[in-house]
Amino acid sequence: MHVSSSHQLVDHFFRHESGRLVAVLTAEFGVRRLELAEDAVQHALSRALQTWGLGGVPGNPSGWLFRVARNYLIDCLRRHALELRYQNQHSAALSESIGSDDVAASVDVLADDEISDHSLRLLFLCCHPALPFESRVALALKLVGGFSVREIATALLITKANAEKRIYRAMETLREEAVELADLDYGSMQARLEAVESTLYLMFNEGYASLSNSAVLRRDVCEEAVRLCRMLVEHGNAAAQNTVARPATFALLALMLMHLARFDARLSQDGAIIVMEDQDRGLWNYALIREAMDWMAASTKDQQISRYHIEAAIAWEHCRATSFASIEWQRIVELYTLLNQKYPSPMIRLNLAIASMYAIGNETGLQQLVAIDGKDRQRLRPWWDAALATVHQRLGNFNEAAAHFQDALALTDNPTLKQFFVARLEQIAYGIKLS
Amino acid sequence: MAKFMFLYRDSADPNQPQPSPEEMQQFLALWGDWFTSCGPKLVDGGDGLLPTGRVLHPTGDVTNGPYVEAKEVIGGYSVVDVEHYEAAVELARTCPIIAIGGTIEIREFANYN
(Lines give C-alpha, C1' and ligand atoms only; values in the text may rest on other atoms or scores of the structure.)
Protein backbone atom coordinates (compact mmCIF):
# COMPACT_ATOMS: atom_id res chain seq x y z
CA MET A 1 0.00 0.00 0.00
CA HIS A 2 1.61 3.24 -1.09
CA VAL A 3 1.71 6.12 1.33
CA SER A 4 0.02 9.06 -0.32
CA SER A 5 2.33 12.03 -0.48
CA SER A 6 -0.40 14.52 -1.19
CA HIS A 7 -1.21 15.26 2.44
CA GLN A 8 2.31 15.36 3.87
CA LEU A 9 3.32 18.75 2.52
CA VAL A 10 1.71 21.95 3.79
CA ASP A 11 0.18 24.36 1.28
CA HIS A 12 2.75 26.18 -0.86
CA PHE A 13 5.62 24.13 0.69
CA PHE A 14 7.60 23.99 -2.58
CA ARG A 15 7.03 27.66 -3.29
CA HIS A 16 8.10 28.85 0.17
CA GLU A 17 10.92 26.32 0.40
CA SER A 18 12.24 27.63 -2.91
CA GLY A 19 12.53 31.11 -1.38
CA ARG A 20 14.11 29.79 1.83
CA LEU A 21 16.71 27.75 -0.06
CA VAL A 22 17.67 30.59 -2.42
CA ALA A 23 18.20 32.82 0.62
CA VAL A 24 20.33 30.29 2.51
CA LEU A 25 22.47 29.40 -0.54
CA THR A 26 22.94 33.07 -1.46
CA ALA A 27 24.03 33.82 2.09
CA GLU A 28 26.67 31.07 1.85
CA PHE A 29 27.89 31.44 -1.73
CA GLY A 30 27.33 35.13 -2.41
CA VAL A 31 25.03 37.33 -4.43
CA ARG A 32 27.09 36.87 -7.61
CA ARG A 33 26.02 33.21 -7.52
CA LEU A 34 22.34 34.04 -7.06
CA GLU A 35 21.29 32.65 -10.44
CA LEU A 36 23.26 29.48 -9.78
CA ALA A 37 21.48 29.19 -6.44
CA GLU A 38 18.15 29.48 -8.27
CA ASP A 39 19.22 26.74 -10.72
CA ALA A 40 20.30 24.54 -7.83
CA VAL A 41 16.93 24.94 -6.13
CA GLN A 42 15.04 24.23 -9.36
CA HIS A 43 17.19 21.11 -9.80
CA ALA A 44 16.41 19.94 -6.25
CA LEU A 45 12.68 20.45 -6.72
CA SER A 46 12.74 18.56 -10.05
CA ARG A 47 14.64 15.73 -8.40
CA ALA A 48 12.04 15.70 -5.59
CA LEU A 49 9.27 15.48 -8.15
CA GLN A 50 10.92 12.47 -9.75
CA THR A 51 11.56 10.55 -6.55
CA TRP A 52 8.94 11.65 -4.00
CA GLY A 53 6.03 10.91 -6.33
CA LEU A 54 6.91 7.25 -6.45
CA GLY A 55 8.97 6.87 -3.29
CA GLY A 56 6.99 9.05 -0.92
CA VAL A 57 7.95 12.25 0.88
CA PRO A 58 11.08 11.81 3.04
CA GLY A 59 11.02 12.41 6.80
CA ASN A 60 12.88 15.71 6.53
CA PRO A 61 11.85 17.18 3.17
CA SER A 62 13.56 20.54 3.82
CA GLY A 63 16.86 18.87 4.71
CA TRP A 64 16.60 16.59 1.66
CA LEU A 65 16.06 19.56 -0.68
CA PHE A 66 18.86 21.57 0.93
CA ARG A 67 21.38 18.73 0.55
CA VAL A 68 20.50 18.13 -3.11
CA ALA A 69 20.53 21.84 -3.98
CA ARG A 70 23.78 22.55 -2.16
CA ASN A 71 25.57 19.54 -3.67
CA TYR A 72 24.43 20.57 -7.14
CA LEU A 73 25.71 24.10 -6.61
CA ILE A 74 29.09 22.87 -5.35
CA ASP A 75 29.38 20.47 -8.29
CA CYS A 76 28.74 23.33 -10.71
CA LEU A 77 31.37 25.48 -9.05
CA ARG A 78 33.93 22.68 -9.08
CA ARG A 79 33.32 21.98 -12.73
CA HIS A 80 33.65 25.68 -13.50
CA ALA A 81 36.84 25.90 -11.46
CA LEU A 82 38.29 22.89 -13.30
CA GLU A 83 37.50 24.55 -16.63
CA LEU A 84 39.15 27.73 -15.46
CA ARG A 85 42.17 25.83 -14.18
CA TYR A 86 42.53 24.23 -17.57
CA GLN A 87 42.48 27.68 -19.12
CA ASN A 88 44.42 29.49 -16.44
CA GLN A 89 46.98 27.90 -14.18
CA HIS A 90 46.38 30.34 -11.37
CA SER A 91 42.91 29.34 -10.36
CA ALA A 92 43.88 26.91 -7.60
CA ALA A 93 42.83 29.54 -5.13
CA LEU A 94 39.40 29.66 -6.77
CA SER A 95 38.68 25.98 -6.27
CA GLU A 96 39.90 26.20 -2.69
CA SER A 97 37.36 28.89 -1.99
CA ILE A 98 34.52 26.49 -2.78
CA GLY A 99 32.91 24.81 0.21
CA SER A 100 33.80 21.28 1.14
CA ASP A 101 31.44 18.60 -0.08
CA ASP A 102 31.50 16.93 3.30
CA VAL A 103 28.20 18.41 4.36
CA ALA A 104 28.27 18.43 8.13
CA ALA A 105 25.14 17.02 9.72
CA SER A 106 24.51 20.33 11.47
CA VAL A 107 24.27 22.16 8.13
CA ASP A 108 21.25 20.05 7.18
CA VAL A 109 19.28 21.42 10.04
CA LEU A 110 19.36 25.20 10.01
CA ALA A 111 17.45 26.83 12.83
CA ASP A 112 14.18 28.47 11.77
CA ASP A 113 15.31 31.90 12.86
CA GLU A 114 18.54 31.54 10.89
CA ILE A 115 16.57 30.75 7.75
CA SER A 116 14.16 33.63 8.25
CA ASP A 117 17.13 35.89 8.89
CA HIS A 118 18.59 34.98 5.49
CA SER A 119 15.17 35.29 3.84
CA LEU A 120 14.65 38.73 5.36
CA ARG A 121 18.05 39.88 4.15
CA LEU A 122 17.24 38.60 0.68
CA LEU A 123 14.00 40.62 0.78
CA PHE A 124 16.00 43.73 1.76
CA LEU A 125 18.40 42.98 -1.08
CA CYS A 126 15.47 42.96 -3.50
CA CYS A 127 14.53 46.46 -2.26
CA HIS A 128 17.93 47.97 -3.06
CA PRO A 129 17.55 51.73 -3.73
CA ALA A 130 19.04 51.38 -7.22
CA LEU A 131 16.11 49.18 -8.32
CA PRO A 132 12.86 50.69 -9.67
CA PHE A 133 9.77 49.82 -7.63
CA GLU A 134 8.08 47.44 -10.07
CA SER A 135 11.35 45.54 -10.38
CA ARG A 136 11.57 45.15 -6.61
CA VAL A 137 8.12 43.59 -6.49
CA ALA A 138 8.88 41.16 -9.33
CA LEU A 139 12.30 40.27 -7.91
CA ALA A 140 10.97 39.71 -4.37
CA LEU A 141 8.15 37.53 -5.70
CA LYS A 142 10.65 35.44 -7.64
CA LEU A 143 13.57 35.11 -5.23
CA VAL A 144 11.88 35.21 -1.82
CA GLY A 145 8.39 34.21 -2.85
CA GLY A 146 9.26 31.27 -5.10
CA PHE A 147 6.91 32.41 -7.88
CA SER A 148 7.83 31.61 -11.47
CA VAL A 149 8.10 34.38 -14.06
CA ARG A 150 4.93 33.11 -15.70
CA GLU A 151 3.01 33.23 -12.41
CA ILE A 152 4.26 36.76 -11.73
CA ALA A 153 3.21 37.95 -15.18
CA THR A 154 -0.25 36.40 -14.82
CA ALA A 155 -0.83 37.77 -11.31
CA LEU A 156 0.30 41.31 -12.13
CA LEU A 157 -1.35 41.35 -15.55
CA ILE A 158 1.88 42.12 -17.43
CA THR A 159 3.43 40.21 -20.31
CA LYS A 160 5.91 37.42 -19.57
CA ALA A 161 8.52 39.35 -21.58
CA ASN A 162 7.92 42.43 -19.40
CA ALA A 163 8.32 40.38 -16.22
CA GLU A 164 11.51 38.74 -17.51
CA LYS A 165 12.97 42.11 -18.46
CA ARG A 166 12.27 43.61 -15.02
CA ILE A 167 13.92 40.68 -13.30
CA TYR A 168 16.86 40.47 -15.68
CA ARG A 169 17.66 44.17 -15.32
CA ALA A 170 17.26 44.00 -11.56
CA MET A 171 19.75 41.12 -11.33
CA GLU A 172 22.18 43.07 -13.55
CA THR A 173 21.92 46.06 -11.23
CA LEU A 174 22.52 43.92 -8.15
CA ARG A 175 25.62 42.47 -9.80
CA GLU A 176 26.89 45.96 -10.59
CA GLU A 177 26.23 47.15 -7.05
CA ALA A 178 28.23 44.15 -5.76
CA VAL A 179 26.21 43.84 -2.56
CA GLU A 180 26.22 40.88 -0.21
CA LEU A 181 23.57 39.67 2.23
CA ALA A 182 26.12 39.97 5.01
CA ASP A 183 26.51 43.69 4.20
CA LEU A 184 23.02 44.24 5.53
CA ASP A 185 23.59 44.97 9.19
CA TYR A 186 20.97 46.27 11.59
CA GLY A 187 21.72 49.89 10.69
CA SER A 188 21.40 49.48 6.95
CA MET A 189 18.22 47.42 7.35
CA GLN A 190 16.72 50.23 9.42
CA ALA A 191 17.65 52.69 6.67
CA ARG A 192 16.00 50.55 4.03
CA LEU A 193 12.87 49.69 6.00
CA GLU A 194 10.72 52.35 4.38
CA ALA A 195 11.65 51.06 0.91
CA VAL A 196 10.77 47.51 1.95
CA GLU A 197 7.41 48.66 3.35
CA SER A 198 6.64 50.51 0.10
CA THR A 199 7.56 47.43 -1.91
CA LEU A 200 5.29 45.17 0.14
CA TYR A 201 2.48 47.75 -0.07
CA LEU A 202 2.89 47.87 -3.84
CA MET A 203 3.03 44.08 -4.07
CA PHE A 204 -0.23 43.78 -2.14
CA ASN A 205 -1.91 46.47 -4.24
CA GLU A 206 -0.84 44.85 -7.49
CA GLY A 207 -2.26 41.53 -6.43
CA TYR A 208 -5.41 43.15 -5.10
CA ALA A 209 -6.17 45.49 -7.97
CA SER A 210 -4.75 43.77 -11.03
CA LEU A 211 -8.11 42.18 -11.90
CA SER A 212 -6.12 39.43 -13.61
CA ASN A 213 -8.41 36.54 -14.45
CA SER A 214 -6.43 34.27 -12.16
CA ALA A 215 -8.05 35.00 -8.80
CA VAL A 216 -5.94 32.27 -7.22
CA LEU A 217 -2.63 33.85 -8.22
CA ARG A 218 -3.81 37.34 -7.30
CA ARG A 219 -4.72 36.11 -3.85
CA ASP A 220 -1.40 34.25 -3.62
CA VAL A 221 0.46 37.52 -4.31
CA CYS A 222 -1.56 39.32 -1.60
CA GLU A 223 -0.86 36.48 0.80
CA GLU A 224 2.84 36.64 -0.08
CA ALA A 225 2.95 40.36 0.77
CA VAL A 226 1.32 39.51 4.11
CA ARG A 227 3.70 36.58 4.72
CA LEU A 228 6.76 38.76 4.06
CA CYS A 229 5.39 41.55 6.26
CA ARG A 230 4.83 39.01 9.03
CA MET A 231 8.43 37.84 8.62
CA LEU A 232 9.46 41.49 8.99
CA VAL A 233 7.49 42.17 12.17
CA GLU A 234 8.34 38.85 13.79
CA HIS A 235 12.08 39.13 13.21
CA GLY A 236 14.07 39.82 16.29
CA ASN A 237 11.10 39.45 18.65
CA ALA A 238 12.77 36.54 20.38
CA ALA A 239 15.91 38.55 20.98
CA ALA A 240 13.74 41.55 21.93
CA GLN A 241 16.45 43.87 20.74
CA ASN A 242 17.34 45.13 17.31
CA THR A 243 13.86 44.47 15.96
CA VAL A 244 13.79 45.75 12.44
CA ALA A 245 10.09 46.66 12.27
CA ARG A 246 8.66 49.94 13.51
CA PRO A 247 5.06 51.05 14.27
CA ALA A 248 4.41 51.90 10.60
CA THR A 249 5.26 48.28 9.70
CA PHE A 250 2.64 47.03 12.15
CA ALA A 251 0.11 49.44 10.64
CA LEU A 252 0.99 48.16 7.13
CA LEU A 253 0.42 44.56 8.21
CA ALA A 254 -2.90 45.48 9.86
CA LEU A 255 -3.97 47.26 6.67
CA MET A 256 -3.12 44.30 4.43
CA LEU A 257 -4.81 41.82 6.77
CA MET A 258 -8.02 43.85 6.75
CA HIS A 259 -8.09 43.92 2.96
CA LEU A 260 -7.19 40.23 2.68
CA ALA A 261 -9.95 39.39 5.18
CA ARG A 262 -12.55 40.75 2.77
CA PHE A 263 -10.94 39.40 -0.43
CA ASP A 264 -13.43 36.58 -1.04
CA ALA A 265 -16.46 38.86 -0.87
CA ARG A 266 -15.32 41.14 -3.70
CA LEU A 267 -15.89 38.78 -6.59
CA SER A 268 -18.73 36.39 -7.33
CA GLN A 269 -18.18 32.69 -8.08
CA ASP A 270 -17.98 33.60 -11.78
CA GLY A 271 -15.38 36.28 -11.15
CA ALA A 272 -17.74 39.27 -11.49
CA ILE A 273 -17.18 42.42 -9.41
CA ILE A 274 -19.56 42.83 -6.46
CA VAL A 275 -19.97 46.40 -5.24
CA MET A 276 -19.51 47.20 -1.56
CA GLU A 277 -23.24 47.59 -0.92
CA ASP A 278 -23.87 44.03 -2.10
CA GLN A 279 -20.85 42.25 -0.60
CA ASP A 280 -21.60 39.40 1.80
CA ARG A 281 -19.94 40.18 5.12
CA GLY A 282 -20.47 36.55 6.09
CA LEU A 283 -17.60 35.69 3.74
CA TRP A 284 -15.11 37.86 5.64
CA ASN A 285 -12.28 36.21 7.53
CA TYR A 286 -12.77 37.53 11.05
CA ALA A 287 -9.68 35.76 12.37
CA LEU A 288 -7.58 37.98 10.10
CA ILE A 289 -9.53 41.07 11.23
CA ARG A 290 -8.89 40.16 14.89
CA GLU A 291 -5.20 39.73 14.13
CA ALA A 292 -5.25 43.12 12.37
CA MET A 293 -6.71 44.70 15.51
CA ASP A 294 -3.72 43.42 17.53
CA TRP A 295 -1.26 44.87 15.05
CA MET A 296 -3.14 48.18 14.99
CA ALA A 297 -2.83 48.36 18.76
CA ALA A 298 0.90 47.64 18.50
CA SER A 299 1.24 50.37 15.87
CA THR A 300 0.20 53.12 18.26
CA LYS A 301 3.13 52.56 20.64
CA ASP A 302 4.72 55.86 19.70
CA GLN A 303 2.97 58.92 18.26
CA GLN A 304 4.25 58.58 14.71
CA ILE A 305 1.49 58.54 12.08
CA SER A 306 2.39 57.08 8.72
CA ARG A 307 0.17 56.76 5.65
CA TYR A 308 -0.32 53.12 6.62
CA HIS A 309 -1.78 54.21 9.96
CA ILE A 310 -4.38 56.37 8.22
CA GLU A 311 -5.22 53.76 5.58
CA ALA A 312 -5.51 51.13 8.32
CA ALA A 313 -7.91 53.39 10.21
CA ILE A 314 -10.06 53.69 7.07
CA ALA A 315 -10.02 49.92 6.55
CA TRP A 316 -10.96 49.55 10.20
CA GLU A 317 -14.07 51.75 9.72
CA HIS A 318 -15.18 49.29 7.02
CA CYS A 319 -14.32 46.19 9.03
CA ARG A 320 -15.99 47.22 12.28
CA ALA A 321 -19.29 48.17 10.65
CA THR A 322 -21.81 45.36 10.99
CA SER A 323 -23.51 46.32 7.75
CA PHE A 324 -23.00 48.67 4.84
CA ALA A 325 -25.69 50.95 6.23
CA SER A 326 -23.85 51.43 9.52
CA ILE A 327 -20.52 52.57 8.04
CA GLU A 328 -19.43 55.88 9.56
CA TRP A 329 -18.75 57.71 6.32
CA GLN A 330 -18.10 61.06 7.99
CA ARG A 331 -15.18 59.54 9.88
CA ILE A 332 -13.88 58.06 6.60
CA VAL A 333 -14.14 61.48 4.95
CA GLU A 334 -12.03 62.97 7.79
CA LEU A 335 -9.42 60.23 7.36
CA TYR A 336 -9.22 60.60 3.56
CA THR A 337 -8.97 64.37 4.01
CA LEU A 338 -6.02 63.88 6.36
CA LEU A 339 -4.46 61.35 4.00
CA ASN A 340 -4.88 63.75 1.07
CA GLN A 341 -3.16 66.53 3.01
CA LYS A 342 -0.12 64.47 3.98
CA TYR A 343 0.23 62.12 1.00
CA PRO A 344 -1.84 63.59 -1.85
CA SER A 345 -2.55 61.46 -4.89
CA PRO A 346 -5.29 61.30 -7.55
CA MET A 347 -6.59 57.96 -6.24
CA ILE A 348 -6.98 59.41 -2.74
CA ARG A 349 -8.91 62.38 -4.16
CA LEU A 350 -11.19 59.93 -5.96
CA ASN A 351 -11.78 57.89 -2.81
CA LEU A 352 -12.45 61.09 -0.85
CA ALA A 353 -15.04 62.16 -3.42
CA ILE A 354 -16.79 58.79 -3.22
CA ALA A 355 -16.74 58.86 0.60
CA SER A 356 -18.19 62.39 0.51
CA MET A 357 -20.97 61.14 -1.75
CA TYR A 358 -21.96 58.63 0.94
CA ALA A 359 -21.35 60.93 3.91
CA ILE A 360 -22.84 64.20 2.70
CA GLY A 361 -24.79 63.54 -0.47
CA ASN A 362 -24.77 62.84 -4.18
CA GLU A 363 -24.43 66.49 -5.23
CA THR A 364 -21.31 66.93 -3.08
CA GLY A 365 -19.81 63.77 -4.50
CA LEU A 366 -20.56 64.98 -8.01
CA GLN A 367 -18.91 68.35 -7.40
CA GLN A 368 -15.76 66.78 -6.00
CA LEU A 369 -15.51 64.27 -8.85
CA VAL A 370 -15.93 66.91 -11.52
CA ALA A 371 -13.26 69.01 -9.78
CA ILE A 372 -10.69 66.27 -10.47
CA ASP A 373 -9.42 67.29 -13.87
CA GLY A 374 -6.39 67.43 -16.09
CA LYS A 375 -3.59 64.95 -15.49
CA ASP A 376 -5.14 63.63 -12.28
CA ARG A 377 -8.31 62.72 -14.13
CA GLN A 378 -6.37 61.00 -16.93
CA ARG A 379 -4.52 58.81 -14.43
CA LEU A 380 -7.80 57.72 -12.84
CA ARG A 381 -9.67 56.54 -15.89
CA PRO A 382 -11.80 54.44 -16.20
CA TRP A 383 -12.48 54.50 -12.44
CA TRP A 384 -13.20 58.20 -12.51
CA ASP A 385 -15.73 57.65 -15.30
CA ALA A 386 -17.33 54.78 -13.39
CA ALA A 387 -17.59 56.85 -10.20
CA LEU A 388 -19.16 59.74 -12.10
CA ALA A 389 -21.60 57.38 -13.80
CA THR A 390 -22.53 55.92 -10.42
CA VAL A 391 -23.30 59.35 -8.93
CA HIS A 392 -25.50 60.21 -11.91
CA GLN A 393 -27.28 56.87 -11.59
CA ARG A 394 -27.98 57.67 -7.93
CA LEU A 395 -29.32 61.07 -8.94
CA GLY A 396 -31.56 59.49 -11.57
CA ASN A 397 -29.67 61.22 -14.44
CA PHE A 398 -29.81 58.13 -16.60
CA ASN A 399 -28.54 59.69 -19.83
CA GLU A 400 -25.41 61.09 -18.18
CA ALA A 401 -24.87 57.85 -16.28
CA ALA A 402 -25.10 55.77 -19.46
CA ALA A 403 -22.73 58.11 -21.32
CA HIS A 404 -20.04 57.85 -18.64
CA PHE A 405 -20.34 54.05 -18.36
CA GLN A 406 -19.95 53.91 -22.15
CA ASP A 407 -16.78 56.01 -21.82
CA ALA A 408 -15.51 53.67 -19.11
CA LEU A 409 -16.25 50.64 -21.30
CA ALA A 410 -14.24 52.12 -24.15
CA LEU A 411 -11.28 52.86 -21.89
CA THR A 412 -10.55 49.34 -20.69
CA ASP A 413 -9.65 45.96 -22.16
CA ASN A 414 -10.08 44.17 -18.87
CA PRO A 415 -12.89 41.58 -19.21
CA THR A 416 -13.89 41.76 -15.54
CA LEU A 417 -14.28 45.55 -15.66
CA LYS A 418 -16.07 45.42 -19.02
CA GLN A 419 -18.54 42.89 -17.66
CA PHE A 420 -19.23 45.18 -14.70
CA PHE A 421 -19.82 48.25 -16.85
CA VAL A 422 -22.11 46.32 -19.18
CA ALA A 423 -24.16 45.11 -16.21
CA ARG A 424 -24.57 48.70 -14.95
CA LEU A 425 -25.63 49.89 -18.42
CA GLU A 426 -28.32 47.21 -18.39
CA GLN A 427 -29.50 48.41 -14.98
CA ILE A 428 -29.74 51.97 -16.32
CA ALA A 429 -31.67 50.78 -19.37
CA TYR A 430 -34.21 49.36 -16.92
CA GLY A 431 -34.34 52.70 -15.10
CA ILE A 432 -32.85 51.33 -11.90
CA LYS A 433 -31.83 54.22 -9.67
CA LEU A 434 -29.32 53.33 -6.94
CA SER A 435 -29.83 54.58 -3.40
CA MET B 1 -5.80 -11.30 -13.36
CA ALA B 2 -2.27 -10.53 -14.54
CA LYS B 3 0.62 -8.38 -13.42
CA PHE B 4 1.91 -5.53 -15.53
CA MET B 5 4.85 -3.23 -15.11
CA PHE B 6 4.41 0.51 -15.81
CA LEU B 7 7.63 2.16 -17.00
CA TYR B 8 7.37 5.97 -16.78
CA ARG B 9 9.14 8.31 -19.15
CA ASP B 10 9.10 12.10 -18.97
CA SER B 11 7.71 14.41 -21.61
CA ALA B 12 9.41 14.27 -25.00
CA ASP B 13 9.24 18.02 -25.49
CA PRO B 14 12.42 19.77 -24.31
CA ASN B 15 10.79 23.14 -25.01
CA GLN B 16 8.04 22.61 -22.48
CA PRO B 17 8.06 25.53 -20.04
CA GLN B 18 9.53 24.86 -16.61
CA PRO B 19 6.81 24.26 -14.04
CA SER B 20 6.82 26.63 -11.08
CA PRO B 21 7.43 25.27 -7.55
CA GLU B 22 3.70 25.59 -6.87
CA GLU B 23 2.84 23.63 -10.02
CA MET B 24 5.38 20.94 -9.08
CA GLN B 25 3.73 20.50 -5.68
CA GLN B 26 0.31 20.25 -7.29
CA PHE B 27 1.68 17.55 -9.60
CA LEU B 28 3.07 15.67 -6.60
CA ALA B 29 -0.35 15.79 -4.96
CA LEU B 30 -1.87 14.39 -8.18
CA TRP B 31 0.53 11.42 -8.04
CA GLY B 32 -0.52 10.72 -4.45
CA ASP B 33 -4.18 10.97 -5.34
CA TRP B 34 -3.69 8.69 -8.34
CA PHE B 35 -1.99 6.00 -6.28
CA THR B 36 -4.82 6.17 -3.77
CA SER B 37 -7.40 5.90 -6.52
CA CYS B 38 -5.68 2.79 -7.96
CA GLY B 39 -6.54 1.00 -4.75
CA PRO B 40 -5.84 -2.76 -4.75
CA LYS B 41 -4.90 -2.67 -8.45
CA LEU B 42 -1.58 -1.17 -7.39
CA VAL B 43 0.61 -4.08 -6.29
CA ASP B 44 3.80 -2.05 -5.90
CA GLY B 45 3.97 1.74 -6.03
CA GLY B 46 7.52 1.26 -7.21
CA ASP B 47 10.09 4.01 -7.07
CA GLY B 48 11.79 6.66 -9.13
CA LEU B 49 15.04 5.92 -10.92
CA LEU B 50 17.65 8.62 -10.59
CA PRO B 51 19.05 10.10 -13.82
CA THR B 52 22.47 8.63 -12.97
CA GLY B 53 23.51 5.20 -14.15
CA ARG B 54 26.11 2.76 -15.43
CA VAL B 55 26.05 0.55 -18.48
CA LEU B 56 28.13 -2.65 -18.55
CA HIS B 57 28.83 -3.69 -22.13
CA PRO B 58 29.63 -7.15 -23.49
CA THR B 59 33.18 -5.97 -24.02
CA GLY B 60 33.47 -5.52 -20.27
CA ASP B 61 33.54 -1.72 -20.60
CA VAL B 62 31.50 0.32 -18.21
CA THR B 63 30.12 3.64 -19.36
CA ASN B 64 28.21 6.31 -17.47
CA GLY B 65 24.70 6.19 -18.70
CA PRO B 66 22.18 5.69 -19.89
CA TYR B 67 23.31 8.25 -22.47
CA VAL B 68 20.30 8.02 -24.70
CA GLU B 69 17.96 10.89 -25.47
CA ALA B 70 16.41 12.35 -22.33
CA LYS B 71 12.90 11.38 -23.41
CA GLU B 72 13.90 7.68 -23.61
CA VAL B 73 15.23 7.47 -20.06
CA ILE B 74 12.97 5.57 -17.70
CA GLY B 75 12.11 7.83 -14.76
CA GLY B 76 10.45 5.21 -12.57
CA TYR B 77 8.20 2.18 -12.40
CA SER B 78 5.14 0.70 -10.71
CA VAL B 79 3.49 -2.71 -10.76
CA VAL B 80 -0.26 -3.21 -11.19
CA ASP B 81 -2.55 -6.22 -11.08
CA VAL B 82 -5.49 -6.06 -13.50
CA GLU B 83 -7.41 -8.38 -15.85
CA HIS B 84 -5.74 -7.71 -19.16
CA TYR B 85 -3.85 -5.18 -21.28
CA GLU B 86 -6.97 -3.14 -21.97
CA ALA B 87 -7.58 -2.71 -18.26
CA ALA B 88 -3.92 -1.77 -17.75
CA VAL B 89 -4.16 0.85 -20.48
CA GLU B 90 -7.33 2.32 -18.99
CA LEU B 91 -5.61 2.59 -15.62
CA ALA B 92 -2.50 4.17 -17.18
CA ARG B 93 -4.63 6.79 -18.94
CA THR B 94 -5.55 8.33 -15.59
CA CYS B 95 -1.92 8.73 -14.47
CA PRO B 96 -0.87 12.41 -14.08
CA ILE B 97 2.35 11.88 -16.04
CA ILE B 98 0.26 11.50 -19.19
CA ALA B 99 -1.31 14.91 -18.71
CA ILE B 100 2.12 16.58 -18.74
CA GLY B 101 3.29 14.85 -21.89
CA GLY B 102 4.96 11.76 -20.42
CA THR B 103 4.56 8.18 -21.61
CA ILE B 104 3.92 4.89 -19.86
CA GLU B 105 5.32 1.66 -21.31
CA ILE B 106 3.06 -1.22 -20.20
CA ARG B 107 4.63 -4.70 -20.05
CA GLU B 108 3.00 -7.91 -18.86
CA PHE B 109 5.00 -10.04 -16.43
CA ALA B 110 6.01 -13.46 -17.81
CA ASN B 111 5.67 -15.21 -14.45
CA TYR B 112 8.75 -17.33 -15.09
CA ASN B 113 9.03 -17.93 -11.36
Side-chain angles (χ1 to χ4, degrees), chain A residues 1-22 38-39 41-58 61 65 68 72 75 141-143 145-155 160 164 214 216-217 220-221 223-224, chain B residues 5-11 14-53 64 70-71 73-81 91-92 95-102 104:
Chain A
M1 178 69 110
H2 182 91
V3 177
S4 163
S5 59
S6 59
H7 306 294
Q8 292 181 32
L9 297 174
V10 297
D11 279 354
H12 313 302
F13 175 76
F14 268 33
R15 180 184 270 164
H16 294 163
E17 199 64 18
S18 168
R20 286 192 279 264
L21 286 171
V22 169
E38 286 190 279
D39 287 344
V41 172
Q42 184 73 20
H43 166 83
L45 293 178
S46 298
R47 190 60 87 80
L49 203 57
Q50 285 166 348
T51 56
W52 297 5
L54 290 159
V57 174
L65 288 169
V68 173
Y72 176 91
D75 278 348
L141 283 173
K142 182 153 196 287
L143 298 182
F147 286 76
S148 70
V149 177
R150 230 178 336 113
E151 287 173 336
I152 293 168
T154 304
K160 184 158 172 274
E164 274 167 349
S214 171
V216 169
L217 276 174
D220 282 357
V221 166
E223 286 182 349
E224 183 62 19
Chain B
M5 179 167 277
F6 282 179
L7 297 160
Y8 305 109
R9 290 185 170 88
D10 277 340
S11 156
N15 297 322
Q16 206 172 46
Q18 282 264 40
S20 71
E22 186 77 353
E23 287 160 354
M24 286 179 174
Q25 184 168 348
Q26 284 161 0
F27 184 72
L28 208 55
L30 288 176
W31 264 112
D33 292 345
W34 182 68
F35 278 129
T36 307
S37 73
C38 288
K41 293 179 193 165
L42 190 71
V43 167
D44 181 359
D47 203 344
L49 295 171
L50 293 176
T52 55
N64 280 341
K71 68 182 186 217
V73 175
I74 298 169
Y77 75 96
S78 301
V79 179
V80 303
D81 187 4
L91 189 59
C95 176
I97 205 171
I98 298 296
I100 59 154
I104 302 179

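Chain A is the first sequence line, chain B the second, and so forth, proteins listed ahead of strands; every chain is numbered from 1. Computed from a predicted structure; not experimentally measured.
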| note | By residue number, those in residues 12-19 of chain A with heavy atoms under 4.5 Å from heavy atoms of chain B are A:His12, A:Phe13, A:Phe14, A:Arg15, A:Ser18
Using atom types as modelled, flag every donor-acceptor pair under 3.5 Å from a side chain in residues 40-48 of chain B to any protein atom, sequence neighbours excluded.
| unit_1 | atom_1 | unit_2 | atom_2 | d |
| --- | --- | --- | --- | --- |
| B:Asp44 | OD1 | B:Gly46 | N | 2.8 |

| message | Does any backbone or side-chain atom of B:Gln26 lie under 4.5 Å from a heavy atom of chain A? Answer side chain, backbone, both or neither. | response | neither
| note | Exactly one of A:Lys142, A:Glu151, A:Gln42 clears side-chain hydrogen bond (donor to acceptor under 3.5 Å, both in side chains) with B:Ser20, and that residue is A:Glu151
| query | In Å, rounded to the nearest 0.5 Å, how long is the span from CD of B:Gln25 to CG of A:Asp11? | reply | 7.0 Å
| query | Ignoring hydrogens and geometry, is there a side-chain-to-backbone donor-acceptor pair from B:Glu22 to A:Ser148 under 3.5 Å? | reply | no
| Nearest-0.5 Å distance, CD of residue B:Gln18 to CG of residue A:Leu45 | 10.0 Å
| said: Given heavy-atom pairs under 4.5 angstrom as the criterion, report whether the side chain, backbone, both or neither of B:Tyr77 touches chain A. | reply: backbone
